[in-house]
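Here is the structure we will look at, set down as structure tokens.
Order of listing sets the numbers, starting from 1, for every ligand and every atom in it.
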Amino acid sequence: MSIVTLTANPSLDRTLSLPGPLERGSVARLAPSSTEPGGKGVNVSRAVAAAGADVVSVLPAADDDPIVRALQQLGLRLATAPIGQPVRTNYTLTEPDGTTTKLNEPGAPLDEATRSALAAAVAEHAAGARWVALCGSLPPGTPLDWYADLVRAVRPTGARIAVDTSEAPLLALLAAGPDAAPDLLKPNTEELAQLAGTTEAEVVADPEAALAAVAVLHERGVREVLLTLGADGALLSTADGELFSARPPAITVRSTVGAGDCSLAGYLLADLDGGSAADRLRSAVAYGAASASLPGSAVPTPAQVDGPAVRVTPGFAGSAPSLSH
Ligand SMILES: O=P(O)(O)OC[C@@]1(O)O[C@H](CO)[C@@H](O)[C@@H]1O
């Protein structure tokens with residue numbers, strides 16, 4: 001069975017490697033820079049496709065946009081809705097000590113006809129798919145409850161729905177009612193804090209506060225919550241009351257850009273294989289760690305993913321990650 005991703009706001013990701021610490025107001029001589037097709041759903045698709053699974057990427061882009069050519073070269077199956085503007089460019093500034101700064105453009109607005117075309121493509125490919133993943137920010141002017149509308153539109157197809165978004169679209173989705181609640185939500189600690197109306201520092205410092213916020217998501221109808229914790233791994237909480245946490249193997253971090261997207265891909269791939277909750281979490285953390293060990297927004301191949309090195313434990317408090325990173 002296949003996976004469908006929607007990237008409402010795709011990007012060309014340009015990675016600029018600084019020779020030293022960023023000095024505002026100065027001229028920096030860069031190492032040769034690289035550009036990769038990106039946006040959260042695109043990254044999920046790239047990782048899923050690299051594992052040999054069937055995936056369709058839905059995105060707004062003109063046929064001759066460089067992102068389309070780049071994704072075609074990777075052999076990805078695309079369903080595009082044409083837009084009259086180039087896809088945005090997002091910049092990643094990397095410093096030698098591993099500090100990464102993202103500068104994301106707003107993206108091209110989507111008119112109503114384009115939104116309808118994208119929604120129709122998602123619904124068409126969802127029929128018969130195992131998962132639909134709705135990923136990333138919404139371009140300027142998009143109704144904030146668009147993801148809620150899409151969840152309701154996809155539901156009758158029987159495909160499971162994963163959402164990975166942030167800020168206002170995330171809040172709107174959770175406020176839209178249980179019929180718009182996804183099967184899987186993949187927040188990071190910053191996004192969980194946004195949902196809980198608290199600060200990331202509090203969520204990170206207090207596992208009880210994090211678990212309380214996750215419980216609220218289940219109350220609102222979300223079946224599974226994959227909370228990514230950066231260097232501390234992730235936790236998976238299911239509506240059936242299963243709770244596991246997992247720590248990644250020791251890695252040298254080269255770029256965290258796209259690590260969350262690869263975690264989602266790892267979860268979906270394990271689910272396609274019929275994996276248990278612990279298996280899905282292990283795969284998510286292994287994929288996230290493998291991605292973070294690669295430069296820019298490169299996605300790992302299965303050979304670069306070390307599942308057995310991930311330590312999965314039941315529960316969260318006590319033996320679980322400290323949430324500090
Ligand atoms: O602006 P958004 O949609 O929130 O995030 C876009 C983005 O930062 O997410 C991916 C990494 O997760 C990158 O490929 C891309 O540049």
Exercise: do Ser293 and Arg254 side chains pair donor with acceptor under 3.5 Å: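 No pair is found: no donor N or O on one side chain lies under 3.5 Å from an acceptor on the other.
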Closest protein heavy atom to [atom], given as residue, atom name and distance to 0.1 Å:
| atom | answer |
| --- | --- |
| atom 9 (O) of ligand 1 | Lys40 NZ, 3.1 Å |
| atom 2 (P) of ligand 1 | Ser137 OG, 3.3 Å |
| atom 13 (C) of ligand 1 | Asp13 OD2, 3.1 Å |

Go through the steps to decide whether Lys186 and Thr228 satisfy the test side chain to side chain donor-acceptor pair (under 3.5 Å), and finish with yes or no. CA-CA 7 Å; Lys186 195 219 71 61; Thr228 51; 3.2 Å; yes
Considering only heavy atoms, does Thr165 approach ligand 1 within less than 4.0 Å through its side chain, its backbone, both, or neither?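 It is neither; nothing of Thr165 touches ligand 1.
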Any atom of ligand 1 sitting under 4.0 Å from a heavy atom of [X]?
| X | answer |
| --- | --- |
| Arg88 | yes |
| Gly260 | no |
| Ser166 | no |
| Ser297 | no |

Looking at [atom1] of [X] and [atom2] of [Y], how far apart are the two atoms once the value is rounded to the nearest 0.5 Å?
| X | Y | atom1 | atom2 | value |
| --- | --- | --- | --- | --- |
| Asp240 | His218 | CG | NE2 | 9.0 Å |
| Arg130 | Asp271 | CZ | CG | 4.0 Å |
| Ile3 | Arg77 | CD1 | CZ | 11.5 Å |

Counting both backbone and side chain atoms, is some N or O of Val257 under 3.5 Å from an N or O of ligand 1?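 No - when backbone and side-chain N and O of Val257 are compared with those of ligand 1, no distance drops under 3.5 Å.
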Side chain or backbone, does Asn9 bring an N or O within less than 3.5 Å of an N or O on ligand 1?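 No, Asn9 has no N/O under 3.5 Å of an N/O on ligand 1.
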Got more than 12 heavy atoms from elsewhere within 6.0 Å of CZ, Arg223?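 No, because the 6.0 Å sphere around CZ of Arg223 holds 12 heavy atoms or fewer from other groups.
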Measure the shortest side-chain to side-chain distance between Trp146 and Leu138 over non-hydrogen atoms and say whether it is less than 4.5 angstrom.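 Result yes, sub-4.5 Å side-chain heavy-atom pair found.
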